[in-house]
Amino acid sequence: MADETPTRKTLLKAALATGALLGAAGAAPALARDRADGRSLEPTPACDDGDDPTPPQMEGPYFTPGSPRTGDLVVPGDPGTPLAVAGYVFTRDCRPVAGALLDFWQADHHGAYDNVGYRYRGHQFTGPDGAFALTTIVPGLYPGRTRHLHVKVQAPSRRVLTTQLYFPGEPRNGSDRIFDPRLLMEVRRDGAGRAAAFDFVLDHTA
């Protein structure tokens, strides 16, 4: 049976979701380390739940700078399975990153990229709690690749992380030479669409 003990990051996300932030304005709560006897040691800002920083991946040939500021990439009238992606951007010591830039781009339902305009392209910024939310469709397939979303993530005045997000259970995951299981989203069915979650961990401390 899987260990169902909440991780420190899970507790932090619950606190962020309910607005129960402690300490200085905009700071994440210092979460207690676990003890085998159920009691807690002194609070610590460390948030090592076995998560390494989110690994980078290649940008690919289809990035276009200057995307519109939006969290909604849905193109009215286009086919596709609705997809909602949500999560947080954290530092390596588990502090939420406010004002982090996330620039998403992807293929349409047919596996084609818009390299002339900005269909299925857009950027947004995390809120004070480090959260982001994206509304789009499940991207289509094209030769040589499994389904994926592209994203650039940048904390204010920090280096850009360029990476890709993947869907579990895709037949092409095993044959895509770029695929990295560390970048799998948690995906579930949500009515006629899908809901996905992914948290980015940037390689710096607050």
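How far OG1 of Thr64 is from OH of Tyr118: 6.0 Å, rounded to the nearest 0.5 Å. To the nearest 0.5 Å, atoms CZ (Arg147) and CG (Leu83) are separated by 11.0 Å. Separation of atoms CZ (Phe200) and CG (Leu165) is listed at 4.5 Å; rounding is to 0.5 Å. With values rounded to the nearest 0.5 angstrom, Tyr88 atom OH is found 10.5 Å from Phe132 atom CZ. Here the straight-line distance linking atom OG1 of Thr146 with atom CZ of Phe167 works out to 9.0 Å at 0.5 Å rounding. Taking CZ of Arg194 as the start and CZ of Arg188 as the end, the distance is 12.5 Å to the nearest 0.5 Å.
Hydrophobic clustering (ILVMFWY, side-chain heavy atoms < 4.5 Å, transitive): Leu161 and Met58 are in one cluster. Under a hydrophobic clustering in which Ile, Leu, Val, Met, Phe, Trp and Tyr are joined whenever their side-chain heavy atoms come within less than 4.5 Å, directly or via other members, Val97 and Phe125 fall into different clusters.
In this structure, a donor-acceptor pair under 3.5 Å is absent between the side chains of Asp72 and Thr70.
Salt bridge annotation for Arg182-Asp52: absent, with no cationic side-chain nitrogen under 4.0 angstrom from a carboxylate oxygen.
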Using the rule given for side-chain contact (heavy atoms from CB on, under 4.5 Å), can you reason through Leu73 versus Phe104, listing the C-alpha separation, both sets of side-chain angles and the distance that settles it, and then say yes or no? CA-CA 9 Å; Leu73 305 189; Phe104 289 95; 4.2 Å; yes
Passes side-chain contact (heavy atoms from CB on, under 4.5 Å), Gln106 versus Ile137? Steps please. CA-CA 9 Å; Gln106 66 172 85; Ile137 62 168; 3.9 Å; yes
Could you walk me through whether Asn173 and Leu184 pass the side-chain contact (heavy atoms from CB on, under 4.5 Å) check? CA-CA 10 Å; Asn173 286 352; Leu184 282 168; 4.2 Å; yes
I would like to know whether Gln124 and Leu134 meet side-chain contact (heavy atoms from CB on, under 4.5 Å); could you show each step before the answer? CA-CA 9 Å; Gln124 61 180 280; Leu134 177 71; 4.1 Å; yes
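In this structure, Glu170 and Asp176 have side chains that are not in contact, with every pair of non-hydrogen atoms separated by 4.5 Å or more. The shortest distance between side-chain heavy atoms of Val89 and Leu202 falls below 4.5 Å. Residues Pro53 and His204 have side chains not in contact (no heavy-atom distance under 4.5 Å, counting atoms from C-beta outward). Contact of the Asp114 side chain with the Tyr120 side chain is not registered, since no non-hydrogen atoms from C-beta on lie closer than 4.5 Å. Between Asp78 and Arg119, some side-chain heavy-atom pair lies under the 4.5 Å cut-off.
Between the side chain of His123 and the main chain of Ser67, a donor-acceptor pair closer than 3.5 Å is present. Gln164 contributes no side-chain N or O that, together with a main-chain N or O of Phe179, makes up a donor-acceptor pair within less than 3.5 Å.
Annotation for Glu59: atom CD counts as buried by contact number, over 12 foreign heavy atoms lying within 6.0 Å.
Note on ring orientation: taking the six-membered ring where Trp is involved, the planes of Tyr113 and Tyr142 are perpendicular (angle over 60°, cut-offs 30° and 60°).
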